[in-house]
Structure formats: structure tokens, C-alpha cells
Amino acid sequence: MAQKVTPMTQDFSKWYNDVVKMAELAEHAPVKGCMVIRPYGYALWENMRDKLDSMIKATGHVNAYFPMLIPESFLQKEAEHVEGFAPELAIVTHGGGKKLEENLVLRPTSETIIYHMFAKWVMSYRDLPILMNQWANVFRWEMRPRLFLRTLEFLWQEGHTAHRNEEEAEAETQTALEMYREFAEDTLAIPVITGEKTETERFAGAVRTYCIEAMMRDGKALQAGTSHMLGQNFAKAFDLQFQDQDGENKYAYNTSWGVSTRLVGAVIMVHGDDDGLILPPKIAPHQIVIVPIYRSDEERALVMEVADKVRAALPDVRIHLDDRDQYKPGWKFAEWEQKGVPLRMEIGPKDVAKGQVVLTQRHDREKEFLPIDDAIAQIPTKLDDLQKALLERARAFRDERTHKIDSYDEFKKRVGDGGFYLAHWDGTKETEAKVKADTKATIRCIPFDTDGEEGVCMVSGKPSKQRVVFARAY
RNA sequence: CGGGGCGUGGCGCAGUCCGGUAGCGCACCUGCUUUGGGAGCAGGGUGUCGUAGGUUCGAAUCCUAUCGCCCCGACCA
């Protein structure tokens with residue numbers, strides 16, 4: 001790793017690829033559209049996964065695992081679902097050297113197999129709700145892959161639940177969505193807009209789809225998580241029935257919700273800068289990197305003594321001591337900046353002599369000289385502050401690029417610059433399609449958070465109950 | 001599927017037009033000097049030139065076919 005990252009203003013897409021590569025997060029696998037997640041990238045994902053997993057469990061869900069191979073016929077049982085996913089299925093036709101009697105698909109998502117199993121497990125209303133989650137890989141044969149954002153195989157969690165009635169299912173989708181919002185903002189330091197997808201953007205087979213939407217540094221939107229109210233669509237397709245208290249057999253209501261390794265891409269594109277990655281402390285594989293500086297063995301011993309003291313005093317902080325002898329400090333500074341470590345501690349002979357250490361923040365380069373004990377005492381707070389600072393910085397960035405707009409002519413001129421555009425919409429697919437055809441922008445969501453202002457559609461002039469979020473998206 | 005690009009030591013590339021038996025930078029190994037913003041010098045190892053066929057005394061280079069990947073668009077978490 002001795003190269004520089006392409007500046008994001010020069011070529012955002014190249015910047016992104018450079019950061020992924022230079023920070024050693026991932027690289028292309030020999031197969032088109034697939035990626036190898038390298039240890040540093042995987043450690044980042046693990047930190048994200050572990051936090052979200054604990055939140056999923058805290059809201060009453062349990063983990064399970066379903067197989068990757070699904071009978072092709074299962075996908076065909078729900079009409080919209082098969083239509084939505086058929087074009088991007090990877091299909092296994094042979095096994096053990098023989099052609100299979102029935103093709104198997106590599107799961108693009110697991111509704112079908114999970115509800116097939118739920119149907120076996122549910123007899124009575126007393127068996128409901130089922131609140132389940134799985135961490136898995138899924139395959140979608142996308143035409144245009146991009147590391148982390150859209151790979152043929154990706155890692156995710158998918159929550160799947162079954163309920164007695166629509167109210168309970170609806171509440172569940174909201175619980176999941178709120179969990180995602182909290183996770184994005186508190187853990188990833190990514191501010192998100194919560195809302196409902198339009199019919200066009202809805203998940204194949206869902207009654208309603210809710211989402212969290214984030215803004216990347218190039219002003220484009222990224223769907224960061226979705227939560228679907230599936231109604232009885234899948235229950236009917238898979239005969240997921242239960243006998244209710246009143247003695248009648250009824251179809252259950254399902255929900256499903258997921259976030260994926262795409263979130264790694266979101267973290268890169270929300271926080272990064274021209275020097276590379278910037279990681280929020282809560283998910284950074286190394287929260288602090290210690291770079292020791294020394295000439296002689298004697299100096300080295302003195303410096304390491306301080307480094308050891310710091311590490312011993314902060315057992316709960318993820319501290320990495322970069323004691324590689326083959327690199328000079330300057331090289332290490334540059335490398336850890338590319339890798340986005342939130343806080344760097346330099347300890348050199350001069351510092352040892354003064355009883356101090358040097359702390360440098362990655363996101364704003366602020367440098368401080370602190371007595372060793374003060375540094376130790378302040379570090380936990382500093383990490384919290386850095387976490388908040390990143391969220392606030394991202395929020396300010398997004399808010400500056402979020403505009404109310406009423407004129408379609410103006411919208412057409414400006415939307416290419418990036419940003420979110422809050423505009424009135426008449427609620428029709430036709431208008432949505434026209435905007436997309438004219439500008440490549442889509443309705444990211446109908447936001448929950450609205451001031452209740454009514455108006456007229458910027459395109460058709462027909463009445464509109466509220467503004468929706470238009471943007472170009474990944 | 002359209003448009004563009006690229007396959008040559010581990011990585012990034014030059015060499016291809018004009019055929020002559022493969023080179024540069026980085027990385028790596030050894031030694032010495034270095035270490036507070038990507039160190040220096042000296043020495044050293046590394047290749048079925050994507051694949052197949054053809055032309056030729058001779059092919060990384062010319063011809064034909066083929067495979068793969070990347071980037072930009074249409075489609076998508």
C-alpha cells in the first residue's frame with residue numbers, strides 16, 4: 001500500500017474503489033461481481049453485525065439458519081415475488097454429476113423457504129408470533145456490480161416474522177425500522193430519513209415497504225435498510241395458517257426486514273475523505289492506533305513502556321500498537337489515515353521525557369499534546385465525542401443538500417447536482433416514471449417526518465398531501 | 001444487453017504501430033545507515049506475455065477465434 005487515493009471531487013466512483021482497495025476492506029474475486037472481504041473489512045462488518053445482532057435479540061427475536069438452496073418451485077408460489085426476482089436468480093441445475101429433477105436456486109432472499117417451514121411449525125394462535133432472524137449470504141445476479149454496494153453475493157441479516165393480525169405485523173415492521181434508524185445513527189453515525197417506499201419501489205411480494213435512506217458524499221441517496229409488511233401474501237402462498245381463538249383457521253401476517261454489507265459502502269461514502277476512510281469509533285476495528293517513535297533500543301524500550309501502560313489502563317478500548325519495525329512513523333500515519341482509525345496516539349522520546357502523548361483525530365486532524373494520565377482519562381469520552389461529531393457532520397452535510405422545491409423546471413436543472421429534493425407528488429406511478437425518465441431521479445421515500453403541508457404536484461399540478469424525497473440513488 | 005478499457009514477475013505498467021527471444025517502478029529478500037509525515041545506498045530472486053489455432057527461420061508484437069475482468073449506462077439491497 002503505497003498509493004494515494006483519487007480525490008473524490010475528481011472522480012467519486014474511482015475514489016470509492018480506491019478507498020476500498022487501499023484500506024484493504026475488499027477486492028474483486030476471480031468471479032465477476034463477487035468480492036473477497038479482507039480481514040480489516042470483515043472486522044468492520046463483524047463490529048456492525050455484532051451490535052445489530054444484540055439489538056435484534058433485545059427486541060425479542062431469535063436467530064436461526066435456513067439453507068442456501070431453495071427449490072425453484074418455491075419462488076414461483078408468490079406471483080409478484082417470482083416476477084421481481086426471476087431475472088436475477090442463480091440456479092443450480094446439476095448435483096453429484098447428474099441433472100437435478102428440480103432446479104435449485106441460490107437464495108436471493110429467504111421468504112419462501114422460511115414461510116414454508118413456519119407453516120409446519122404453526123398450528124395455533126398460541127404459536128404466534130414467530131420472531132426470527134438469520135445471518136446469511138444471498139445471491140442476486142446483478143448486471144452492474146460495485147464493491148459492497150451491489151455484489152452478486154452479499155452478507156446480510158433477514159428478519160422474518162409471523163403474526164396473528166395486521167396490526168401486530170405492522171407494529172413489527174415499525175419496530176424493525178426504528179431499530180435500523182437507531183443503528184444507523186447511533187452506531188454508524190449515518191443520519192437517515194425513515195419513510196415508506198412508493199408502489200414502484202416496493203419489495204416484490206410486499207404490501208408496504210418502509211426504508212431508511214442516507215445521503216452519500218456525492219449527494220446521491222443510498223437505501224440503507226428496508227422493512228416489509230408482507231400482509232398475507234406469503235402466508236397464502238405457503239399455506240401458513242393457524243387456528244385462532246375463535247376456532248377459525250386464518251392466514252398469518254408476515255414481515256421481513258434486512259440490512260446488508262452494503263452498509264459498509266455507506267460508511268465509506270458518508271464519512272470518508274480524500275485521504276481515505278474515516279470510521280466511527282463504535283465500529284472501527286482499531287479505535288486507536290499507537291505509533292511508537294524511537295531511534296535506539298533504549299528509546300524503544302521507554303516508548304513501549306508508555307504504550308503498554310496506556311493499553312493496560314484501557315482494556316475496553318480497541319487499541320492497536322503498530323510495532324512494525326520496517327516502517328517509519330510517517331508511513332504508518334499515512335496508512336492508518338487511509339484505513340480510517342479514529343484516533344492516533346504518537347509516543348516518542350520527546351513525549352516520554354515530558355510525560356505526555358500526542359493524540360490526533362482522523363476526521364479533522366486536530367492534534368493535542370496531553371499528559372499521559374489525562375490522555376488515558378479522556379480517551380473514552382473522546383471516542384464518544386468523535387462518534388457524535390461524525391454524525392453531526394454528516395447531518396449538516398445532508399441538511400445543506402436537502403431542498404424544498406416546487407418548480408419542476410428548477411428540479412430538472414438542479415437534481416443532477418445531487419442532494420435530496422422535497423417536492424409534492426400526485427401519488428401516481430405515471431408521474432414517478434416521468435420524473436425518472438426525465439432526470440434519473442426516483443422517489444426515495446414518502447417520509448414519516450412531515451410538516452403536514454399540503455400542496456400540488458410539481459409535475460402534474462394535481463393535489464398532494466405531503467412532500468416526498470426525490471434523489472438520484474445508488 | 002449497448003458503449004469504453006484492460007489481460008505481460010506479487011501489484012501497477014512500458015514494450016505491440018515497425019516480429020529478432022522481455023523491461024521499468026513499487027513490493028519482496030540480504031547487509032549497512034536510518035526512524036516526529038509515505039527513508040537512502042549496495043547486492044539479489046521473481047515471467048508457460050489470458051487461452052487456442054494460424055502466418056513466419058523466428059511471435060508479447062501480425063492474422064483468426066475464444067475466455068475473462070474492470071469502468072460507464074439500462075436493472076437492483
Indicate, with a heavy-atom threshold strictly under 4.0 Å, whether [X] touches base, sugar-phosphate, or nothing.
X	result
Pro349(A)	base
Gly265(A)	nothing
Phe154(A)	base
Leu149(A)	base
Glu142(A)	base
Ser296(A)	nothing

Compare every heavy atom of [Y] with every heavy atom of [X], then report the nearest pair and how far apart it is.
X	Y	result
Arg295(A)	Glu299(A)	N-OE1, 2.6 Å
Phe203(A)	Thr209(A)	N-OG1, 3.0 Å
Gly418(A)	Tyr421(A)	O-OH, 3.0 Å

Could you measure between the two [atom1] atoms, the one in [N] and the one in [M], and give it in whole Å?
N	M	atom1	value
G58(B)	C11(B)	P	32 Å
A59(B)	G54(B)	C1'	11 Å
U16(B)	U8(B)	C1'	11 Å
C29(B)	G37(B)	P	24 Å
C76(B)	U64(B)	P	39 Å
C62(B)	C17(B)	P	5 Å
C13(B)	G50(B)	P	14 Å
U61(B)	C49(B)	C1'	10 Å

Find the distance [X]:[atom1] to [N]:[atom2] and express it as a whole number of Å.
X	N	atom1	atom2	value
Lys440(A)	C72(B)	NZ	C1'	10 Å
Asn17(A)	G5(B)	CG	C1'	14 Å
Glu27(A)	C71(B)	CD	P	13 Å
Lys220(A)	C76(B)	NZ	C1'	13 Å
Tyr327(A)	U34(B)	OH	C1'	16 Å
Asp274(A)	G37(B)	CG	P	22 Å
Trp331(A)	C26(B)	CH2	P	15 Å
Arg146(A)	C70(B)	CZ	C1'	12 Å

Worksheet entry | Phosphate OP1/OP2 of C72(B): any Ser13(A) side-chain N/O under 4.0 Å | yes
Worksheet item: OP1 or OP2 of C75(B) sitting under 4.0 Å from any side-chain N/O of Lys436(A)?
Response: yes
Worksheet item: Is the closest basic N to carboxylate O distance between Lys429(A) and Glu432(A) below 4.0 Å?
Response: no
Discussion item. If the threshold is 4.0 Å, N to carboxylate O, is there a salt bridge linking Arg300(A) and Asp297(A)?
Written reply: no
Among the candidates [options], find the nucleotide nearest to the side-chain atoms of [X].
X	options	answer
Arg144(A)	G37(B), G36(B), C72(B)	C72(B)
Arg344(A)	G37(B), C72(B), C28(B)	G37(B)
Met143(A)	G36(B), G38(B), C75(B)	C75(B)
Lys350(A)	C75(B), G37(B), G36(B)	G36(B)
His28(A)	U35(B), C76(B), C70(B)	C70(B)

Worksheet item: Centroid-to-centroid, Phe118(A) to Tyr115(A), below 6.0 Å?
Response: yes
Fill in: Output field: ring centroids Phe66(A)/His160(A) closer than 6.0 Å
no
Fill in: Comparing Lys328(A) and Glu88(A) on RNA chain B - which has the more 5′ nearest nucleotide
Lys328(A)
Worksheet, complete the sentence: The residue, Lys14(A) or Val358(A), whose nearest nucleotide of RNA chain B is more 5′ is Val358(A)
For [N], give the paired nucleotide (Watson-Crick: N1-N3 plus N6-O4 or O6-N4; G-U: N1-O2 and O6-N3; both under 3.5 Å), or none.
N	answer
C13(B)	G23(B)
G73(B)	C1(B)
C41(B)	G31(B)
U56(B)	none
G68(B)	C6(B)

Practice prompt. Look at the side chain of Arg295(A) and the base of G36(B), then say whether one donor and one acceptor between them are separated by less than 3.5 Å.
Written response: no
Item to complete: Classify the side chain of Glu337(A) versus the base of G37(B) as yes if they form a donor-acceptor pair under 3.5 Å and no if they do not.
Response: yes
Worksheet item: Mind checking whether Ile113(A) and Arg107(A) have side chains closer than 4.5 Å, heavy atoms only?
Response: no
